[in-house]
Enquirer: 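Here it is, the structure, as structure tokens.
Given the structure is predicted, the values throughout are model-derived calculations rather than measurements.
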Amino acid sequence: MRWRENRLQALGGLLWLIACAHAAFAGAPKLIRTLDLNSEFCDVKWQQLNVPREGMAFITEDQLLVYTICRDNVALSIRDHFQASNPFHLKAVIVDISTGAIRKHFDLPTHGYGSGIQVTHDGNLLIHRDNVLDLTDTEGKFLTGSRVSRTGLYDFITVATSPTEDLLSLVDFPDAPGTPNGTAVIDSRNLKVLHQWHDDADVGNIASSTTMTVRTAVHGSSLLTRAFGQSAWTNVLLGPMGGIYSPIFLTDSEYAVLDGAQSAVLVFKPFGMIAAKLKVWSPMALNVSRDGQIFGVAWGSMRRFNQATGGLEAGNTGVDLYDATSLQKIGSIDIHPTPYFDFVIAISPHGSKLAIIDSMKVSILEVPHH
């Protein structure tokens, strides 16, 4: 496979202590609960270097989904077949935040890289394993499924659900050099394909609304938009390689993107007009509530190597929270001790809670009123 995002294994760590917010803002999210989920999955050394290594999403304001990929067996796996003896298993739990109790367990054989469970806009679960998509309810009841027709046996397939629309974006990144990507925009309620095409844009960093798709190209140096029904892309932003990433729609026509070169979150109106430039030191990731009212930006340096653990830490890390309508900052926190660089944040559907996960340890915080 000609693309692989390398990740370092996290080797442990303490539950976070959330520091005080910067004094200039409304306040710090209040710590509600901490959860150590290591016993529900596997030792970190058996976690696969999945993308992400640990995934997380809110189902409701009080239910949180967490997943990872574990190496359970040594048997060979067969492409397009899932068996209990497969070496990798997609494991997930649904946690009741009010009590900390585990409400549901999932253990699904998989072929690994790119697998995961995401929460759709209407609150169902999208299970992605290799080229197979299954839509289930939160109890695991099968609703519908789809199988992606690949151009090569080992194509890398990524799936990104929209938090604010009933859509998902799928990219089939071919194993054969020189072959264009296959891209599709799919209705996340029934897995019906709405739009599909081929292009040479990046495999990741894609987001769709009901009217358009936004994605990066040339290794994150260009941001492109494409209206449905049109074949031409419009270039709305240029930067150094790797500088533009994580586009996400806030409404059907407004979207935000990280610009590492400018240390900013850029919010775009339709037709590529920049509505706001929010200065964020070393931005890392974006997340938005499903009602589109709150979005969060994780930030932090990636240049600290921990000799004791052999892991790469994020360094000087935190999360800023914004009101998506006014674009005003409503809260900001620092994370201590320093997490590993592949930590993940999630915001609840109506923006009342923020979750942060690092090495299978979760902090749940209350978002300040705005």
Enquirer: Taking C-beta and beyond as the side chain, do M56 and L65 meet within less than 4.5 Å on heavy atoms?
Expert: no
Enquirer: Are T213 and I206 close enough, and set up right, to give a side-chain contact (heavy atoms from CB on, under 4.5 Å), and what steps lead you there?
Expert: CA-CA 7 Å; T213 287; I206 183 171; 3.9 Å; yes
Enquirer: Find out if a path of hydrophobic residues (ILVMFWY) with successive side-chain heavy-atom gaps under 4.5 Å connects Y245 to V214.
Expert: no
Enquirer: When clusters are formed by joining ILVMFWY residues with side-chain heavy atoms under 4.5 Å apart, either directly or through shared neighbours, do L108 and I59 land in the same one?
Expert: yes
Enquirer: So that I can tick it off, tell me whether R226 and D199 are bridged by a salt bridge, with the cut-off set at under 4.0 angstrom between side-chain N and carboxylate O.
Expert: no
Enquirer: Decide yes or no for W299 and D320: does some side-chain heavy atom of the first lie under 4.5 Å from some side-chain heavy atom of the second?
Expert: yes
Enquirer: Tell me every residue that passes side-chain contact (heavy atoms from CB on, under 4.5 Å) with T99, counting only those two or more places apart in sequence or in another chain.
Expert: D96, A101
Enquirer: Hydrophobic clustering (ILVMFWY, side-chain heavy atoms < 4.5 Å, transitive) - are F249 and L286 grouped together?
Expert: no
Enquirer: Are a donor atom and an acceptor atom from the side chains of H350 and Q293 found within less than 3.5 Å of each other?
Expert: no
Enquirer: List the residues meeting salt bridge (charged side-chain N to carboxylate O under 4.0 Å, His left out) with D137, not counting sequence neighbours, and say none if there are none.
Expert: none
Enquirer: List the steps, then state whether side-chain contact (heavy atoms from CB on, under 4.5 Å) holds for F343 with I335.
Expert: CA-CA 11 Å; F343 75 97; I335 301 173; 4.1 Å; yes
Enquirer: With H198, which residues qualify under ring-ring contact (aromatic ring centres under 6.0 Å, His included), at least two apart?
Expert: none
Enquirer: Start with the C-alpha gap between T120 and L168, add the side-chain angles, then the distance that decides, and say whether side-chain contact (heavy atoms from CB on, under 4.5 Å) holds.
Expert: CA-CA 8 Å; T120 64; L168 64 92; 5.9 Å; no
Enquirer: Between S208 and S169, is there a side-chain donor-acceptor contact under 3.5 Å, judged purely by atom types and distance?
Expert: yes
Enquirer: Among all residues two or more places apart in sequence or in another chain, which pass the salt bridge (charged side-chain N to carboxylate O under 4.0 Å, His left out) test with R290?
Expert: none
Enquirer: Output all residues satisfying salt bridge (charged side-chain N to carboxylate O under 4.0 Å, His left out) with R129, sequence neighbours left out; order by chain, then residue number.
Expert: D134
Enquirer: Strictly distance-based, threshold 3.5 Å: is any side-chain N or O of S188 a donor or acceptor partner for the main-chain N or O of S162?
Expert: no
Enquirer: Which Ile, Leu, Val, Met, Phe, Trp or Tyr residues join L224 in one cluster when any pair of side-chain heavy atoms under 4.5 Å counts as a link?
Expert: L167, V185, L194, W197, F228, W233
Enquirer: Would you please test T144 and N190 for side chain to side chain donor-acceptor pair (under 3.5 Å) and show each step?
Expert: CA-CA 7 Å; T144 189; N190 53 28; over 6 Å; no
Enquirer: Check step by step if side chain to side chain donor-acceptor pair (under 3.5 Å) holds for Q48 and R71.
Expert: CA-CA 7 Å; Q48 194 203 41; R71 180 183 288 276; over 6 Å; no
Enquirer: Would you say D252's side chain and T210's backbone share a donor-acceptor pair under 3.5 angstrom?
Expert: yes
Enquirer: Can you list every salt bridge (charged side-chain N to carboxylate O under 4.0 Å, His left out) pair that touches residues 56-68, not counting sequence neighbours?
Expert: D62-K353
Enquirer: Quick check against the 3.5 Å criterion: does D43 have a side-chain atom that pairs as donor or acceptor with the backbone of W46?
Expert: no
Enquirer: Check salt bridge (charged side-chain N to carboxylate O under 4.0 Å, His left out) between R189 and all other residues, then give those that pass, not counting sequence neighbours.
Expert: D166, D187
Enquirer: One pair to check against side-chain contact (heavy atoms from CB on, under 4.5 Å): L250 and T164. What are the steps and the verdict?
Expert: CA-CA 7 Å; L250 306 178; T164 55; over 6 Å; no
Enquirer: What pairs with Q230 under side chain to side chain donor-acceptor pair (under 3.5 Å), at least two apart in sequence or on another chain?
Expert: none
Enquirer: In a table with atom names and distances, give each donor-acceptor pair under 3.5 Å that connects a side chain of residues 256-270 to protein atoms at least two apart or in another chain.
Expert:
{"residue": "D259", "atom": "OD1", "partner": "A261", "partner atom": "N", "Å": "3.2"}
{"residue": "D259", "atom": "OD1", "partner": "Q262", "partner atom": "N", "Å": "3.2"}
{"residue": "D259", "atom": "OD2", "partner": "Q262", "partner atom": "NE2", "Å": "2.7"}
{"residue": "Q262", "atom": "OE1", "partner": "K277", "partner atom": "NZ", "Å": "2.5"}
{"residue": "K269", "atom": "NZ", "partner": "E254", "partner atom": "OE2", "Å": "2.6"}

Enquirer: Who else is in the cluster with M241 when I, L, V, M, F, W and Y are joined by side-chain contacts under 4.5 Å?
Expert: V218
Enquirer: Using only atom types and a distance under 3.5 Å, with no angle test, would you say the side chain of H89 pairs donor to acceptor with the backbone of A84?
Expert: yes
Enquirer: Evaluate the criterion side chain to side chain donor-acceptor pair (under 3.5 Å) for residue pair Q118 and H128; output intermediate values, then yes/no.
Expert: CA-CA 8 Å; Q118 300 183 42; H128 168 214; 5.5 Å; no
Enquirer: Are D130 and R150 close enough, and set up right, to give a salt bridge (Lys or Arg N to Asp or Glu O under 4.0 Å), and what steps lead you there?
Expert: CA-CA 10 Å; D130 198 24; R150 299 175 297 198; 2.9 Å; yes
Enquirer: Under a 4.5 Å cut-off applied to non-hydrogen side-chain atoms, are Q47 and M360 in contact?
Expert: yes
Enquirer: Would the number of heavy atoms belonging to other residues, nucleotides or ligands and lying under 6.0 Å from CG of D122 be above 12?
Expert: yes
Enquirer: In the structure I gave you, are the side-chain heavy atoms of N181 and D172 within less than 4.5 Å of one another anywhere?
Expert: no
Enquirer: Indicate yes or no for a side-chain donor-acceptor contact from S289 to the backbone of I294 under 3.5 Å, with no hydrogens or angles considered.
Expert: yes
Enquirer: Tell me, yes or no, whether the heavy-atom count around K192 atom NZ, taken from other residues, nucleotides or ligands under 6.0 Å, exceeds 12.
Expert: no
Enquirer: Who passes side chain to side chain donor-acceptor pair (under 3.5 Å) against S221, sequence neighbours left out?
Expert: none
Enquirer: Looking at N50 and I69, would you say the former's side chain and the latter's main chain have a donor-acceptor pair under 3.5 Å?
Expert: no
Enquirer: Can you check whether T110's main-chain N or O pairs, donor with acceptor, with S115's side chain at less than 3.5 Å?
Expert: no
Enquirer: Would you say V297 and V319 make side-chain contact, with heavy atoms under 4.5 Å?
Expert: no
Enquirer: Return yes if some donor-acceptor pair links the side-chain N/O of N131 with the main-chain N/O of S149 below 3.5 Å, else return no.
Expert: no
Enquirer: Without swapping roles, check the side chain of E54 against the backbone of S359 for a donor-acceptor pair under 3.5 Å.
Expert: yes
Enquirer: Give a yes or no answer on whether the side chain of K104 reaches the backbone of E139 with a donor-acceptor pair at less than 3.5 Å.
Expert: yes
Enquirer: Do T183 and R215 pair up side chain to side chain, a donor and an acceptor below 3.5 Å, judged on atom types alone?
Expert: yes
